[in-house]
2 protein chains.
Amino acid sequence: MSDTKQKILDTAERLFGEQGFGAVSLRHIIAEAGVNLAAIHYHFGSKEELLLEVVMRKVQPVNERRLALLDRAEAEAAPGAPPVEKVLEAFLLPPALLAGQSPDFMKLMGRLHAEGSATAIFLKHFEPMINRFREAFQKALPDLPEEELAWRTHFMIGAMAHMLTGPPERRPATSGEDPCRVAGYLIAFLSGGLRAPALAPALVAVLKENQ
Amino acid sequence: MSDTKQKILDTAERLFGEQGFGAVSLRHIIAEAGVNLAAIHYHFGSKEELLLEVVMRKVQPVNERRLALLDRAEAEAAPGAPPVEKVLEAFLLPPALLAGQSPDFMKLMGRLHAEGSATAIFLKHFEPMINRFREAFQKALPDLPEEELAWRTHFMIGAMAHMLTGPPERRPATSGEDPCRVAGYLIAFLSGGLRAPALAPALVAVLKENQ
DNA sequence: GTCTATACTGAGATAGAC
DNA sequence: GTCTATCTCAGTATAGAC
């Protein structure tokens, strides 16, 4: 990779992390990086795509670590399947540790997560990993209807994303601000949710009455 | 409220809903509303604050309905406290119904939710309601340590927000696309999570080893 | 293939007349 | 309260030097 491209990525990562995506203009970045404005568009095409590369550079190792932990859990549980808790651990621990190290960076993730524009590219990078985990959850919860498992996975991602990228002023205080402790809270919570009995038709009826 | 202000709010709500916040310029809005550009800054101060008012106008009734349902659940359970499921129902059903009616609008909520800037004002409007619900959850789950309950509430809000405002292409398919059914899935999931046993210290130790 | 200089279009914001 | 005119600054596009 060229030196210019490298400098742009490093500077953008720092400035985006410190001040947020919207607050940092391309002209701020080129001033600090000592490069030309057009170099950004030459190497990345647009500000959005620059952000995407900045984020992906840090997220890739997290996803690799997730898969490695899942591999290990499956090897340990063979010939059976690992329990929900172990799958959750593999999925949640790597990003929780990253969040503990660089909270600023996670705010950027939150932006990408909330934006529609980058979703397609985002999904492409995550899909192989997500699919591996979906299978693992299905094996750990064989009795749950498929549609309900899909929704529970959706809820899980929401809870995780909010924990990782949510605004700091809304985060509860934690003894020691220990990322492992918070990850533990989340694993306990999610395993309870994933293991809950499937939705009873009676509840849907009650909800319809109240609407 | 002046006619100009009303026209701006109505037009902004429609355009933001149809095309998203970033894609709609103030100049689009004034063209369709037939008002002057400066009128927006006179009445709202900035584009961000306009969005905030647009959103709040629709969210206020939802919060009122939440409190009314909680009141009713508490009256029915007196002299005891309502179970977690009933509290969740009061909290989740009103926004789920709104999301079913106007999915476009919920994407705007997602933006506010993800942005740091509006958080303070956002919080001020939600705090009284959130506090009422926090108390209700505490009464329904008297054995859970306070710190852990705070985190579980945080996770709950993340799961709800992701269900309501998440990108449509990531939402699982649902039989009949019934908002009550999805709300039911969420209530079943969250009551399992909230009722889960408190975090075991052993789990934290295991996580620390793997880090 | 890389990078620089410069120009273009459209955004949100504002001062001051009415 | 409302409008005109104007300002500043953003992201983007292109022509051409190395």
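Among dA15(C), dA11(C), dG11(D), the nucleotide with an atom closest to any side-chain atom of Ala38(B) is dA15(C). Side-chain proximity of Ser2(A) to the nucleotides dC3(C), dA13(C), dT12(D) is greatest for dC3(C). Residue Asn36(A) has its side chain nearest to dT4(C) when only dT12(D), dT4(C), dG12(C) are considered.
Here the C1' atom of nucleotide dG1(D) and the CD atom of Gln6(B) are 16 Å apart, to the nearest Å. Atom C1' of nucleotide dT4(C) and atom NE2 of His43(A) are separated by 12 Å, given to the nearest angstrom. Straight-line distance from the NZ atom of Lys7(B) to the P atom of dT2(D): 10 Å, rounded to whole Å. As rounded to whole Å, 16 Å separates atom P of dT8(D) from atom NE2 of His28(A). Rounded to an integer number of Å, the gap from CD1 of Ile30(B) to C1' of dT4(D) is 12 Å. Rounded to whole angstrom, the span from the NE2 atom of His41(B) across to the P atom of dA15(C) amounts to 12 Å. Spacing between atom CG of Leu37(B) and atom C1' of dA15(C) amounts to 14 Å, rounded to whole angstrom units. Across the protein-nucleic acid pair, Leu50(A) atom CG and dA10(D) atom C1' stand 15 Å apart, rounded to whole Å.
A sub-4.0 Å separation between OP1 or OP2 of dT14(C) and a side-chain N or O of Ser46(B) is absent.
Map Leu26(B) and Tyr42(A) each onto its nearest nucleotide of DNA chain C; the residue landing nearer the 5' end is Tyr42(A).
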Criterion salt bridge (Lys or Arg N to Asp or Glu O under 4.0 Å) on Arg195(A) and Glu85(A), from CA distance to verdict:
CA-CA 10 Å; Arg195(A) 291 201 134 112; Glu85(A) 286 76 8; 2.5 Å; yes

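His162(B) places a side-chain N or O within donor-acceptor distance of the main-chain N or O of His154(A), the cut-off being under 3.5 Å.
Between the base of dG10(C) and the side chain of Arg27(B) there is no donor-acceptor pair shorter than 3.5 Å.
Side-chain N/O atoms of Arg134(A) and Thr153(A) include no donor and acceptor closer than 3.5 Å.
A cation-pi arrangement is found for Lys5(A) relative to Phe44(A), the charged atom lying closer than 6.0 Å to the ring centre and inside a 45° cone about the ring normal.
By the 30° and 60° cut-offs, the orientation of the rings of Phe91(B) relative to Phe137(B) is perpendicular.
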